[in-house]
K.L.:
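Sharing a structure below in structure tokens format, with a few things to ask.
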Amino acid sequence: MHCASASQITSELGERFRAARKVLVLTGAGVSAESGVPTFRGGGNSAVWKGMPFDVISSAQMVERDLPAVWEWFDYRRGVLKELSPNPAHQAIARWQNVFPEFTLVTQNIDGLHQKAGSREVIEVHGSIWRARCVSCHSRFDMSRDAVRPEACLHCADRLRPDVVLFGEMLPPGAFELAAEKASQCELCFVVGTSSLVYPAAGLPEIAKSSGAYLCEVNPERTPLSDFCDVVLTGKAGELLPLFDQ
Ligand code: BV8
């Protein structure tokens, strides 16, 4: 495993970091790996729950077929996340919102660790594990930390489901559009801890690059995006991102 050294941060990247005004960061499960959150794919195998690949248990069809099973999967993950804290990668990204005049943070993660690290206005393109939503009136209910999950919608009594985007479902209205707009305007785009396989989120760096942004990937492994990047920092986000503050 490549150890993260400042030498990886090329002078050009350092200069662009110091000069940039409009910066976008896209994160995936890898940014939470050092907090103890299991990733879905890193390390070759994809996550499995009770014999089902995660993109089956986390699918729109499963909500129709077996909502209690979907809740069991997300209740289990909420239980794991309750004990976990942001790591130096989340903390560095939270500091960056005060460094750059126009800073945008887009995450595929539903774990809320960016917000716990102090990041504001996080664009959660795949929703949040800390909210429930009514399947019919779409009322949302906060389940942060110790709130118990309401049995049914307090407004129309219909069933509640996790307020996350499942496979085969559209992203939250406006979230992707806002992220795509910011991606098309940014000068510097960091892609941190994602395998760049899940769309449409994986299309955001391509929008940034084709709009003239300088693209930097941070990941211990190569991804389908790596060849497309101006610079690839090979290593752990929690070790590499704090190096930019120096
Ligand atoms: C949709 C919430 C429209 C739930 C998630 C185009 C081409 C092919 C397929 C499609 C396409 N368009 C749409 C699709 C289908 C599908 C898709 O992309 N499938 C993939 C599998 C091919 N997309 C959808 O279904 C999307 N919706 O398209 O709707 C539509 C609707 C109706 C009808 C027609 C069209 C919705 C996708 C969102 C699904 N929900 N999450 C939950 O969490 O359970 S996706 C979920 O998986 C995450 O949010 C994330 O997006 C993805 C996992 O990816 P990563 O976060 O990147 O994590 P991964 O484990 O894969 O990789 C971790 C990386 O970190 C690795 O590279 C590793 O090396 C690195 N790493 C590890 N440690 C560290 C590290 N990096 C840095 N530091 C470390 N320490």
Side-chain angles (χ1 to χ4, degrees), residues 1-4 8 25-49 52-64 69-78 80-81 86-90 92-93 106-114 122-131 133 161-173 175-177 179 190-206 216-226 229 232-243:
M1 171 68 80
H2 248 277
C3 69
Q8 279 206 67
V25 175
L26 172 67
T27 64
V31 81
S32 296
E34 293 153 87
S35 295
V37 182
T39 60
F40 298 90
R41 273 191 198 75
N45 57 12
S46 68
V48 173
W49 172 255
M52 288 179 279
F54 101 86
D55 45 11
V56 170
I57 181 71
S58 279
S59 69
Q61 292 83 350
M62 194 55 83
V63 167
E64 298 312 317
V70 172
W71 270 124
E72 210 187 342
W73 160 232
F74 286 98
D75 290 349
Y76 160 75
R77 292 165 69 184
R78 260 197 343 276
V80 170
L81 285 169
N87 66 63
H90 297 109
I93 292 169
V106 182
T107 189
Q108 299 167 76
N109 302 344
I110 62 175
D111 58 28
L113 288 175
H114 282 301
V122 180
I123 302 177
E124 296 178 304
V125 288
H126 293 163
S128 170
I129 201 169
W130 302 110
R131 288 192 307 267
R133 183 176 86 232
R161 52 155 291 161
D163 188 23
V164 300
V165 177
L166 299 171
F167 283 95
E169 293 183 332
M170 304 301 271
L171 275 52
F176 184 77
E177 293 71 14
F190 286 91
V191 183
V192 182
T194 181
S195 55
S196 292
L197 292 171
V198 173
Y199 282 78
L204 290 168
E206 293 149 18
C216 172
E217 182 178 55
V218 180
N219 197 313
E221 295 178 8
R222 303 284 292 178
T223 75
L225 188 74
S226 304
C229 292
V232 173
L233 302 182
T234 306
K236 296 181 173 182
E239 297 171 4
L240 283 163
L241 298 189
L243 297 174

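Predicted model, so just to flag it, every value in this text is computed and none were measured. First listed ligand is number 1; within each ligand, the first listed atom is number 1. All heavy atoms count here, side chains included; hydrogens, waters and symmetry mates do not.
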K.L.:
Report the relative orientation of the aromatic rings in His90 and His114; use parallel for angles under 30°, tilted for 30 to 60°, perpendicular for over 60°.
P.N.:
perpendicular
K.L.:
Below 3.5 angstrom, do we get any N/O pair linking Lys236 and ligand 1?
P.N.:
no
K.L.:
Heavy atom of Glu239 under 4.0 Å from ligand 1?
P.N.:
no
K.L.:
Find the distance between CZ (Phe190) and OG1 (Thr27) and round it off to the nearest 0.5 Å.
P.N.:
13.0 Å
K.L.:
Which is closest to atom 66 (C) of ligand 1 in terms of heavy atoms, Asn219, Val218, Asp55?
P.N.:
Asn219
K.L.:
With respect to Leu225, which candidate in Asn219, Val191, Leu197, Val232 satisfies the side chain to side chain contact (heavy atoms under 4.5 Å, CB included) definition?
P.N.:
Val191
K.L.:
Which distance, rounded to the nearest 0.5 Å, do you find between the CD1 of Ile129 and the CG of Asp163?
P.N.:
11.5 Å
K.L.:
With a 4.0 Å cut-off on heavy atoms, is Gly238 touching ligand 1?
P.N.:
no
K.L.:
Which atoms of ligand 1 sit under 4.0 Å from any heavy atom of Glu221?
P.N.:
69 (O)
K.L.:
So, taking the atom named CG in Leu113 and the one named OG1 in Thr107, what distance separates them when rounded to the nearest 0.5 Å?
P.N.:
9.0 Å
K.L.:
Pull out every atom of ligand 1 sitting under 4.0 Å from any heavy atom of Leu197, numbered as shown with elements.
P.N.:
18 (O), 20 (C), 22 (C)
K.L.:
Is there a side chain to side chain contact (heavy atoms under 4.5 Å, CB included) between Leu241 and Ile93? Walk through the geometry before answering.
P.N.:
CA-CA 8 Å; Leu241 298 189; Ile93 292 169; 3.7 Å; yes
K.L.:
If you measure from each non-hydrogen atom of Arg77 to ligand 1, which part falls under 4.0 Å: side chain, backbone, both or neither?
P.N.:
side chain
K.L.:
Given Gly235, Gly28, Gly203, Ala29, which has its nearest heavy atom closest to atom 58 (O) of ligand 1?
P.N.:
Ala29
K.L.:
Out of Tyr199, Trp49, Trp73, Phe167, who is nearest to atom 26 (C) of ligand 1 when you count heavy atoms only?
P.N.:
Tyr199
K.L.:
For ligand 1, which atoms sit closer than 4.0 Å to a heavy atom of Thr194?
P.N.:
55 (P), 57 (O), 64 (C), 65 (O), 67 (O)
K.L.:
Within a distance under 4.0 Å of any heavy atom of Glu34, pick out the atoms of ligand 1 and give their elements.
P.N.:
78 (N), 79 (C), 80 (N)
K.L.:
Pick whichever of Gly193, Pro220, Ser58, Ala202 has a heavy atom sitting closest to atom 63 (C) of ligand 1.
P.N.:
Gly193
K.L.:
What's the spacing between Arg222 CZ and Thr234 OG1 if we round to 0.5 Å?
P.N.:
7.0 Å
K.L.:
Against ligand 1, does Gly168 come closer than 4.0 Å with any heavy atom?
P.N.:
yes
K.L.:
Check ligand 1 against Ala33 and write out every atom of the ligand that is under 4.0 Å from a heavy-atom position of the residue.
P.N.:
73 (N)
K.L.:
Taking only heavy atoms of Gln108, which atoms of ligand 1 are found under 4.0 Å from at least one of them?
P.N.:
48 (C), 49 (O), 50 (C), 51 (O)
K.L.:
Relative to the heavy atoms of Glu169, which atoms of ligand 1 are at a distance of less than 4.0 Å?
P.N.:
1 (C), 26 (C), 27 (N), 29 (O), 31 (C), 36 (C)
K.L.:
Quick check: closest heavy atoms across Ala89 and Val31, and the distance to 0.1 Å?
P.N.:
CB-CG2, 3.8 Å
K.L.:
Hey, which atoms in ligand 1 end up nearer than 4.0 Å to a heavy atom of Phe74?
P.N.:
44 (O)
K.L.:
Nearest 0.5 Å, what's the CZ-CZ distance between Arg161 and Phe74?
P.N.:
8.0 Å
K.L.:
Nearest to atom 37 (C) of ligand 1 by heavy atom, Val198, Val31, Thr107: which?
P.N.:
Val198
K.L.:
If you look at every heavy atom in Ser58 and Arg77, which pair is closest and at what distance?
P.N.:
OG-NH1, 3.9 Å
K.L.:
Once you round to the nearest 0.5 Å, how far does CD of Glu169 lie from CD of Gln61?
P.N.:
8.5 Å
